[in-house]
Protein chains: 2
Amino acid sequence: MRQLFHPTTDQFNLSTILNALGDPTRLQIIKNLADKSEKTCACCNVDLPKSALSHHFKVLREAGLINVRIEGKQRFLSIRYEELEEKFPGLLQVILR
Amino acid sequence: MRQLFHPTTDQFNLSTILNALGDPTRLQIIKNLADKSEKTCACCNVDLPKSALSHHFKVLREAGLINVRIEGKQRFLSIRYEELEEKFPGLLQVILR
DNA sequence: TCAATAGTTCAAATACAATTGAACTATTCC
DNA sequence: GGAATAGTTCAATTGTATTTGAACTATTGA
(Lines give C-alpha, C1' and ligand atoms only; values in the text may rest on other atoms or scores of the structure.)
Protein backbone atom coordinates (compact mmCIF):
# COMPACT_ATOMS: atom_id res chain seq x y z
CA MET A 1 0.00 0.00 0.00
CA ARG A 2 1.72 3.08 -1.25
CA GLN A 3 -1.19 5.41 -1.84
CA LEU A 4 -4.26 5.88 0.31
CA PHE A 5 -7.56 7.19 -1.02
CA HIS A 6 -8.44 10.68 0.11
CA PRO A 7 -11.60 12.30 -1.25
CA THR A 8 -11.29 15.70 -2.92
CA THR A 9 -13.27 18.56 -1.38
CA ASP A 10 -15.98 18.27 -3.98
CA GLN A 11 -16.40 14.63 -2.99
CA PHE A 12 -17.04 15.67 0.60
CA ASN A 13 -20.53 14.72 1.74
CA LEU A 14 -22.11 16.22 4.84
CA SER A 15 -24.04 13.10 5.70
CA THR A 16 -20.92 10.94 5.45
CA ILE A 17 -18.93 13.39 7.56
CA LEU A 18 -21.58 13.63 10.27
CA ASN A 19 -21.90 9.87 10.28
CA ALA A 20 -18.15 9.53 10.77
CA LEU A 21 -18.23 12.06 13.60
CA GLY A 22 -21.29 10.44 15.15
CA ASP A 23 -19.26 7.59 16.61
CA PRO A 24 -17.84 8.45 20.05
CA THR A 25 -14.50 6.78 19.37
CA ARG A 26 -13.99 8.70 16.16
CA LEU A 27 -15.10 11.98 17.69
CA GLN A 28 -12.48 11.39 20.38
CA ILE A 29 -9.81 10.74 17.76
CA ILE A 30 -10.67 14.01 16.03
CA LYS A 31 -10.50 15.85 19.33
CA ASN A 32 -7.11 14.27 20.00
CA LEU A 33 -5.89 15.55 16.65
CA ALA A 34 -7.24 19.02 17.32
CA ASP A 35 -3.93 20.66 18.16
CA LYS A 36 -3.06 20.63 14.48
CA SER A 37 0.06 18.54 14.85
CA GLU A 38 0.48 15.30 12.99
CA LYS A 39 0.20 12.20 15.12
CA THR A 40 0.89 8.54 14.57
CA CYS A 41 -1.98 6.09 15.00
CA ALA A 42 -0.60 4.98 18.34
CA CYS A 43 -0.54 8.56 19.62
CA CYS A 44 -4.28 8.98 19.41
CA ASN A 45 -4.77 7.55 22.88
CA VAL A 46 -7.64 5.27 22.12
CA ASP A 47 -7.75 2.00 24.00
CA LEU A 48 -8.69 -0.43 21.25
CA PRO A 49 -6.83 -3.15 19.37
CA LYS A 50 -4.98 -1.88 16.35
CA SER A 51 -7.37 -3.51 13.90
CA ALA A 52 -10.28 -1.55 15.37
CA LEU A 53 -8.24 1.65 15.29
CA SER A 54 -7.31 1.00 11.69
CA HIS A 55 -11.00 0.69 10.87
CA HIS A 56 -11.89 4.02 12.49
CA PHE A 57 -9.00 5.82 10.82
CA LYS A 58 -10.18 4.51 7.49
CA VAL A 59 -13.73 5.78 8.09
CA LEU A 60 -12.37 9.21 9.03
CA ARG A 61 -10.00 9.30 6.07
CA GLU A 62 -12.62 8.21 3.53
CA ALA A 63 -15.05 10.80 4.86
CA GLY A 64 -12.40 13.45 4.25
CA LEU A 65 -11.87 14.36 7.88
CA ILE A 66 -8.24 13.33 8.18
CA ASN A 67 -5.17 13.08 6.02
CA VAL A 68 -2.93 10.06 6.39
CA ARG A 69 0.66 10.54 5.28
CA ILE A 70 2.79 7.43 5.00
CA GLU A 71 6.37 7.78 6.15
CA GLY A 72 8.37 4.63 6.59
CA LYS A 73 6.65 2.29 8.98
CA GLN A 74 4.36 4.93 10.31
CA ARG A 75 1.29 6.84 9.26
CA PHE A 76 0.96 10.45 10.28
CA LEU A 77 -2.56 11.65 10.86
CA SER A 78 -3.82 15.19 10.72
CA ILE A 79 -7.15 16.94 10.38
CA ARG A 80 -7.88 18.41 6.95
CA TYR A 81 -8.57 21.86 8.40
CA GLU A 82 -8.37 24.10 5.38
CA GLU A 83 -10.35 21.87 3.07
CA LEU A 84 -13.06 21.19 5.66
CA GLU A 85 -13.25 24.88 6.46
CA GLU A 86 -13.61 25.63 2.76
CA LYS A 87 -16.44 23.19 2.25
CA PHE A 88 -18.18 23.38 5.65
CA PRO A 89 -17.10 26.62 7.26
CA GLY A 90 -17.42 26.59 11.01
CA LEU A 91 -17.94 22.85 11.37
CA LEU A 92 -14.60 22.03 13.00
CA GLN A 93 -14.86 24.98 15.34
CA VAL A 94 -18.17 23.63 16.62
CA ILE A 95 -16.84 20.10 16.97
CA LEU A 96 -13.53 20.98 18.60
CA ARG A 97 -14.61 23.81 20.86
CA MET B 1 -49.19 10.09 25.63
CA ARG B 2 -49.56 13.60 26.89
CA GLN B 3 -45.96 14.55 27.55
CA LEU B 4 -42.94 13.79 25.40
CA PHE B 5 -39.39 13.73 26.73
CA HIS B 6 -37.20 16.58 25.59
CA PRO B 7 -33.67 16.86 26.96
CA THR B 8 -32.63 20.11 28.61
CA THR B 9 -29.70 21.96 27.07
CA ASP B 10 -27.31 20.67 29.69
CA GLN B 11 -28.33 17.15 28.71
CA PHE B 12 -27.33 17.82 25.11
CA ASN B 13 -24.48 15.60 23.99
CA LEU B 14 -22.43 16.33 20.90
CA SER B 15 -21.87 12.70 20.06
CA THR B 16 -25.59 11.93 20.30
CA ILE B 17 -26.46 14.95 18.18
CA LEU B 18 -23.92 14.12 15.49
CA ASN B 19 -25.10 10.55 15.49
CA ALA B 20 -28.69 11.69 14.99
CA LEU B 21 -27.62 13.97 12.15
CA GLY B 22 -25.44 11.25 10.61
CA ASP B 23 -28.42 9.43 9.15
CA PRO B 24 -29.38 10.76 5.69
CA THR B 25 -33.11 10.50 6.37
CA ARG B 26 -32.83 12.48 9.58
CA LEU B 27 -30.54 15.07 8.03
CA GLN B 28 -33.18 15.53 5.34
CA ILE B 29 -35.88 15.99 7.96
CA ILE B 30 -33.82 18.66 9.68
CA LYS B 31 -33.26 20.41 6.36
CA ASN B 32 -36.99 20.28 5.68
CA LEU B 33 -37.62 21.96 9.02
CA ALA B 34 -35.01 24.63 8.36
CA ASP B 35 -37.42 27.42 7.47
CA LYS B 36 -38.24 27.76 11.17
CA SER B 37 -41.95 27.06 10.78
CA GLU B 38 -43.59 24.23 12.63
CA LYS B 39 -44.53 21.24 10.52
CA THR B 40 -46.60 18.14 11.06
CA CYS B 41 -44.90 14.78 10.68
CA ALA B 42 -46.60 14.27 7.33
CA CYS B 43 -45.24 17.57 6.03
CA CYS B 44 -41.62 16.52 6.26
CA ASN B 45 -41.71 14.99 2.80
CA VAL B 46 -39.99 11.76 3.59
CA ASP B 47 -41.15 8.69 1.74
CA LEU B 48 -41.23 6.10 4.50
CA PRO B 49 -44.01 4.32 6.38
CA LYS B 50 -45.25 6.24 9.38
CA SER B 51 -43.70 3.83 11.85
CA ALA B 52 -40.25 4.49 10.42
CA LEU B 53 -40.87 8.22 10.45
CA SER B 54 -42.00 8.03 14.04
CA HIS B 55 -38.73 6.31 14.89
CA HIS B 56 -36.61 9.01 13.26
CA PHE B 57 -38.56 11.82 14.90
CA LYS B 58 -38.01 10.16 18.23
CA VAL B 59 -34.23 9.96 17.67
CA LEU B 60 -34.14 13.64 16.70
CA ARG B 61 -36.29 14.66 19.65
CA GLU B 62 -34.32 12.66 22.20
CA ALA B 63 -31.06 14.10 20.88
CA GLY B 64 -32.47 17.57 21.46
CA LEU B 65 -32.60 18.59 17.82
CA ILE B 66 -36.34 19.06 17.50
CA ASN B 67 -39.26 20.03 19.65
CA VAL B 68 -42.51 18.10 19.27
CA ARG B 69 -45.63 19.94 20.35
CA ILE B 70 -48.83 17.91 20.61
CA GLU B 71 -51.96 19.62 19.44
CA GLY B 72 -55.02 17.49 18.99
CA LYS B 73 -54.36 14.66 16.59
CA GLN B 74 -51.21 16.20 15.28
CA ARG B 75 -47.65 16.77 16.38
CA PHE B 76 -45.93 19.96 15.35
CA LEU B 77 -42.22 19.70 14.81
CA SER B 78 -39.68 22.47 14.93
CA ILE B 79 -35.93 22.78 15.29
CA ARG B 80 -34.69 23.90 18.73
CA TYR B 81 -32.72 26.78 17.26
CA GLU B 82 -32.01 28.96 20.26
CA GLU B 83 -31.07 26.13 22.60
CA LEU B 84 -28.84 24.43 20.03
CA GLU B 85 -27.21 27.74 19.22
CA GLU B 86 -26.60 28.33 22.91
CA LYS B 87 -24.94 24.97 23.42
CA PHE B 88 -23.27 24.45 20.03
CA PRO B 89 -22.99 27.87 18.41
CA GLY B 90 -22.71 27.66 14.66
CA LEU B 91 -23.70 24.03 14.33
CA LEU B 92 -27.08 24.56 12.70
CA GLN B 93 -25.68 27.16 10.34
CA VAL B 94 -23.16 24.62 9.07
CA ILE B 95 -25.76 21.88 8.74
CA LEU B 96 -28.45 23.97 7.10
CA ARG B 97 -26.37 26.12 4.83
C1' DT C 1 -71.38 6.32 19.22
C1' DC C 2 -68.92 5.45 15.00
C1' DA C 3 -65.60 6.26 11.63
C1' DA C 4 -61.71 8.70 10.20
C1' DT C 5 -57.31 10.72 11.18
C1' DA C 6 -52.55 11.12 13.13
C1' DG C 7 -49.32 9.13 15.16
C1' DT C 8 -47.07 5.40 18.55
C1' DT C 9 -45.64 0.95 19.95
C1' DC C 10 -44.47 -3.71 19.23
C1' DA C 11 -42.17 -7.73 17.37
C1' DA C 12 -39.76 -9.56 13.67
C1' DA C 13 -36.74 -9.16 9.82
C1' DT C 14 -33.02 -7.24 7.63
C1' DA C 15 -29.11 -4.69 7.26
C1' DC C 16 -25.17 -2.37 8.76
C1' DA C 17 -21.32 -1.21 12.01
C1' DA C 18 -18.00 -2.29 15.57
C1' DT C 19 -14.82 -5.41 17.59
C1' DT C 20 -11.60 -9.10 17.79
C1' DG C 21 -7.43 -12.03 16.91
C1' DA C 22 -4.76 -14.08 13.48
C1' DA C 23 -2.42 -13.73 9.41
C1' DC C 24 -0.45 -10.60 6.40
C1' DT C 25 2.50 -6.54 4.15
C1' DA C 26 5.94 -3.19 4.30
C1' DT C 27 9.74 -0.93 6.39
C1' DT C 28 13.76 -0.44 9.28
C1' DC C 29 17.73 -1.90 11.67
C1' DC C 30 21.04 -5.34 13.17
C1' DG D 1 18.70 -12.46 5.73
C1' DG D 2 16.14 -12.21 10.16
C1' DA D 3 13.79 -9.90 13.78
C1' DA D 4 11.23 -6.04 15.27
C1' DT D 5 7.94 -2.46 14.34
C1' DA D 6 3.66 -0.24 12.46
C1' DG D 7 -0.15 -0.86 10.52
C1' DT D 8 -3.69 -3.43 7.17
C1' DT D 9 -6.76 -7.00 5.82
C1' DC D 10 -9.63 -10.84 6.63
C1' DA D 11 -13.29 -13.63 8.53
C1' DA D 12 -16.11 -14.30 12.33
C1' DT D 13 -18.75 -12.58 16.07
C1' DT D 14 -21.36 -9.43 18.33
C1' DG D 15 -24.04 -5.58 18.70
C1' DT D 16 -26.88 -1.86 17.14
C1' DA D 17 -30.03 0.55 13.67
C1' DT D 18 -33.36 0.63 10.30
C1' DT D 19 -37.47 -0.89 8.28
C1' DT D 20 -41.88 -3.04 8.09
C1' DG D 21 -46.85 -4.10 8.94
C1' DA D 22 -50.13 -4.89 12.34
C1' DA D 23 -52.24 -3.60 16.38
C1' DC D 24 -52.88 0.09 19.33
C1' DT D 25 -54.10 5.01 21.51
C1' DA D 26 -55.96 9.45 21.25
C1' DT D 27 -58.51 13.03 19.10
C1' DT D 28 -61.87 15.01 16.06
C1' DG D 29 -66.09 15.47 13.57
C1' DA D 30 -70.37 13.56 11.69
Side-chain angles (χ1 to χ4, degrees), chain A residues 1-7 13-33 37-78, chain B residues 1-7 13-33 37-78:
Chain A
M1 168 163 320
R2 296 276 53 217
Q3 286 286 72
L4 292 171
F5 169 75
H6 288 86
N13 175 272
L14 182 57
S15 205
T16 307
I17 285 180
L18 292 174
N19 183 66
L21 291 170
D23 178 88
T25 301
R26 291 192 293 263
L27 185 58
Q28 191 54 56
I29 292 170
I30 291 295
K31 285 180 174 176
N32 291 344
L33 290 172
S37 68
E38 283 188 321
K39 290 199 169 52
T40 63
C41 300
C43 288
C44 284
N45 290 313
V46 179
D47 188 27
L48 279 178
K50 54 187 185 165
S51 53
L53 275 181
S54 190
H55 163 69
H56 289 302
F57 292 139
K58 188 182 182 199
V59 173
L60 289 169
R61 175 174 52 77
E62 293 184 342
L65 282 158
I66 63 172
N67 188 272
V68 182
R69 183 172 63 81
I70 299 179
E71 186 181 314
K73 288 184 288 191
Q74 299 184 108
R75 280 111 182 88
F76 288 92
L77 313 177
S78 57
Chain B
M1 170 164 318
R2 296 276 53 214
Q3 286 286 72
L4 292 170
F5 169 75
H6 289 85
N13 175 272
L14 183 57
S15 205
T16 307
I17 285 179
L18 292 173
N19 184 66
L21 291 170
D23 178 86
T25 300
R26 290 192 292 262
L27 185 57
Q28 191 54 56
I29 292 171
I30 291 295
K31 285 179 174 175
N32 290 345
L33 290 173
S37 68
E38 285 188 318
K39 288 197 172 51
T40 63
C41 301
C43 287
C44 285
N45 289 313
V46 178
D47 188 25
L48 280 177
K50 53 187 186 166
S51 53
L53 275 181
S54 189
H55 164 70
H56 288 303
F57 292 139
K58 188 181 181 199
V59 173
L60 290 169
R61 175 174 51 78
E62 293 185 341
L65 282 157
I66 63 172
N67 187 271
V68 182
R69 182 172 64 81
I70 300 179
E71 185 180 316
K73 288 185 286 192
Q74 298 184 107
R75 279 110 183 90
F76 288 93
L77 313 176
S78 57

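Within every chain, numbering begins at 1; the chains are lettered A, B, ... in the order of the sequence lines, protein sequences first and strands thereafter.
Between D:dA17 and B:Arg26, no contact under 4.0 Å exists linking OP1 or OP2 to a side-chain N or O.
The separation between B:Leu18 atom CG and C:dA17 atom P is 17 Å, rounded to whole Å. Atom CZ of B:Phe57 is separated from atom P of C:dA6 by 14 Å (rounded to the nearest Å). A straight line from CZ of A:Phe76 to C1' of D:dA6 spans 11 Å, rounded to a whole angstrom. A straight line from CD of B:Gln74 to C1' of D:dA26 spans 13 Å, rounded to a whole angstrom. The CD atom of B:Glu62 sits 14 Å away from the C1' atom of D:dA17 (whole-angstrom rounding). Put simply, CZ on B:Arg69 is 12 Å from P on C:dG7, counting in whole angstrom units. Rounded to whole angstrom, the span from the CG atom of A:Asn19 across to the C1' atom of C:dA15 amounts to 14 Å. Between the NZ atom of A:Lys58 and the P atom of C:dA18 there is a distance of 12 Å, given to the nearest Å.
Here the side chains of A:Phe76 and A:Thr40 are in contact, with some heavy-atom distance below 4.5 Å. Two residues are said to be in side-chain contact when any heavy atoms from C-beta on lie closer than 4.5 Å; B:His6 and B:Arg69 fail this criterion.
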Are there any protein N/O atoms within less than 3.5 Å of an N/O atom in nucleotides 28-30 of chain C, and if so, which ones and at what distance?
none

Identify each atom pair where a protein N or O and an N or O of nucleotides 19-21 of chain C are less than 3.5 Å apart, giving names and distance.
residue: C:dT19; atom: OP2; partner: A:His56; partner atom: NE2; Å: 2.6
residue: C:dG21; atom: N7; partner: A:Ser51; partner atom: OG; Å: 3.2
residue: C:dG21; atom: O6; partner: A:Ser51; partner atom: OG; Å: 3.0

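The distance from atom CD of A:Glu38 to atom CG of A:Asn67, rounded to the nearest 0.5 Å, is 7.5 Å. One distance of note links CG of A:Leu60 with CG of A:Leu21; it measures 7.0 Å at 0.5 Å rounding.
Nearest heavy atom pair, residue A:Phe5 against residue A:Arg61, reads O-NH1, 2.7 Å. Closest of all the heavy-atom pairs between A:Asn19 and A:Arg26 is O-NH2, 3.5 Å. Between A:Ala20 and A:Leu65, the shortest heavy-atom contact is CB-CD1, 3.8 Å. Taking each heavy atom of A:Pro7 and A:Ala63 in turn, the nearest pair found is CG-C, 4.0 Å.
Of the candidates A:Val46, A:Leu4, A:Ile29, A:Ile29 is the only one forming a side-chain contact (heavy atoms from CB on, under 4.5 Å) with A:Phe57.
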